[in-house]
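Below is one structure, written out as structure tokens; comments come after it.
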Amino acid sequence: MYSKTDSATEATPTILVNAHGLTKKYGKHLVLDNIDLQIAKGRIVGLIGPNGAGKTTVLKALLGLTSFQGDISVLGMDPVKQRTELLQQVCFIADTAILPRWLKVSEALEYVDKVHPQFDLSKARQTLSTTSIGLSQRISQLSKGMVTQLHLALVMAIDAKILVLDEPTLGLDILYRKQFYSSLLNDYFNRDRTIIITTHQVEEIEALLTDLIFIHHGKLVLNCEMDALESNFFEIETTPEKVEVARALKPISERSTLGGSVFIYENIAKEKLAALGPSRTPSVADLFVAKMQPSQGARHE
Amino acid sequence: MNNYLTLINREFREHRNAFIITPLVMMALVTAAMLFALTFMGSIGDFSYEKITHTQSDNTESRVSIQFDNNTSAMNNENKTMPSQYYDNQKIIDNGLYAIHSTFIVTAFFVVLFYLLGTLFNDRKDRSILFWKSMPVSELQTVTAKLFVGLIAVPLTYTLASWSIQLLYSIAAMVFASNLEHDPWLAIWPFLDLPRTFATQFGLIFIVGLWVLPLSAWLLTASALAKRSPFLVAIVPIVALIMVERLIFGTDYFIDWVGKNFAIESLTALASRSVEIDVSNYLATVIFGIVITHLLLTITVWLRNHRFEIDT
């Protein structure tokens, strides 16, 4: 997975994450089913899936936090055997609001400053100065949103090659979510950094992503660049009289709207859809629903 | 090394009540108790108006022994000018110092016991382990730092607190003697050998630490293994082993062996106020203990790396 710009500037993209045959079982329950995954440098990858789809397990496997079958290489390292070395270059928020409650904010800053060679203390302090979090406060005194803000301030002050964020803005209000994503894109992200992010608030990160991965029942059901969505997926709203024609073209999704139906198609010649009306690129949220819950009409196909 | 200092600092911050506040409170309480006794009861520990003014030893041949280290101290003190009428003060002083130190060390024992049982469980329970794991610190570093804190750093902290109170007790005893118109440099000072007493107590930290090394590692393993109660995980296998041995073979070899070689020995060392345990007599036990410790720590680190989630 790499962008056109990368292709133009580099003969071959630098692959930072390479997973092959990634499989994970909890007892008899198959959580990840033989996943192959490559992530290149300088990308912002959205890993999207419903609860229990396996996205957190993928992240944990990449970070060496869970056992698995298959091969994974992150920055050329084995995430299980070389986890400590790897974490000098990879930082993550595996879950929000998990900072130790007994810790003071100043102590959290001091701890990360002492153990992480890539941590910029002044940057973290600067970020925190824009919040209402006081350095002398204990984590237990902070609201859930403030804990998340603190955690993000810590993580974003680390000069890491890969940043892994699992539901980073859970519990935050819309204002801070917008601010966070803006800061992530404008202040943190650059072409030397790669961000892997999972979230339920798909629409909020849509504009941010360079690559999109959908995971469902432990399998990747979509893995493409955002640029490719435009040429691979089409959404058409038709009137009732054209519904049967639209269904005949094998949409992956159908949903009813006021006065008509909306169909989403995958890998179809755009000309075939011309008779149905003007087409557009579906939103990530709609595409997600289409991929996760194919409509009745689509299932009939 | 820098990481270790940071990790030790982290433990003291997390457990500041047990590691710092408690010994400070104990210092305050013991000091208050001494002042109370001095003011209202006319005594400090075993010192009283009656004893210090009327105790006269007729046995001028009696030997002086510093009970923290019998042989060497006795020899050392034989060279001092030790007025015979004050010989009994030796025992009183030693008992006072010992009582103070025992109070602190017994408290430290329970603090460490609960610390080791909980330390690798609590961060998994509240999921803050995921934050610690997001830092480039290995589990080996984390586990060994916690073991060091439990075996050395906390006992040392309590010992430092104990020393300050022992020093205060000694000064108070001299002031007390002086107030009773005795020369403290004759009645008290010759019987005080604080450097040697403190050195002995300092040495005990490491000797007892060596003895309880496998037990401590076991507590850490139980802490890392437990899904609900580290205490039960630590106790149940031991009790089960003892019961199975008794029911099937009708013997008590296991509990006898543990008692003889590990737990009892360290308690005896503390109780006897002596460091004269000849470790060479227990060399096989020590080596075996280190091997067991290594095995248990390896398991603990593996658990921290691979089975740290409580809900899976």
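A note on names: the letters A, B, ... follow the listed sequences, proteins ahead of strands, and every chain is numbered from 1.
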- Query: Does Y115(B) have its ring centroid less than 6.0 Å away from the ring centroid of F19(B)?
  - Reply: yes
- Look at S128(B), S138(B), P136(B) and state which one has the largest set of heavy-atom pairs under 4.5 Å with chain A. P136(B)
- Message: When you compare the side chains of T131(A) and Y176(A), does any donor N or O come within less than 3.5 Å of an acceptor on the partner?
- Response: no
- Between R10(B) and W132(B), is NZ or CZ placed under 6.0 angstrom from the six-membered ring centre and within 45° of the ring axis? yes
- Task: Count the heavy-atom pairs under 4.5 Å between each of H306(B), R16(B), R13(B), R307(B) and chain A, then report the option with the highest count.
- Result: R13(B)
- Query: Shortest non-hydrogen contact from I44(A) to L208(A)?
  - Reply: CD1-O, 3.5 Å
- Bottom line for V80(A): the part with an atom under 4.5 Å from chain B's heavy atoms is side chain
- Of the backbone (N, CA, C, O) and the side chain (C-beta and beyond), which part of Q118(A) lies under 4.5 Å from a heavy atom of chain B, both, or neither? neither
- Task: Heavy atoms only, distances under 4.5 angstrom: which of L65(A), L86(A), T66(A), L154(A) has the most pairs with chain B? Name it, please.
- Result: L65(A)
- Item | Modelled atom types, side-chain donor and acceptor of T57(A) and K24(A), under 3.5 Å | no
- Message: What part of N9(B) gets within 4.5 angstrom of chain A, counting heavy atoms only: side chain, backbone, both, or neither?
- Response: side chain
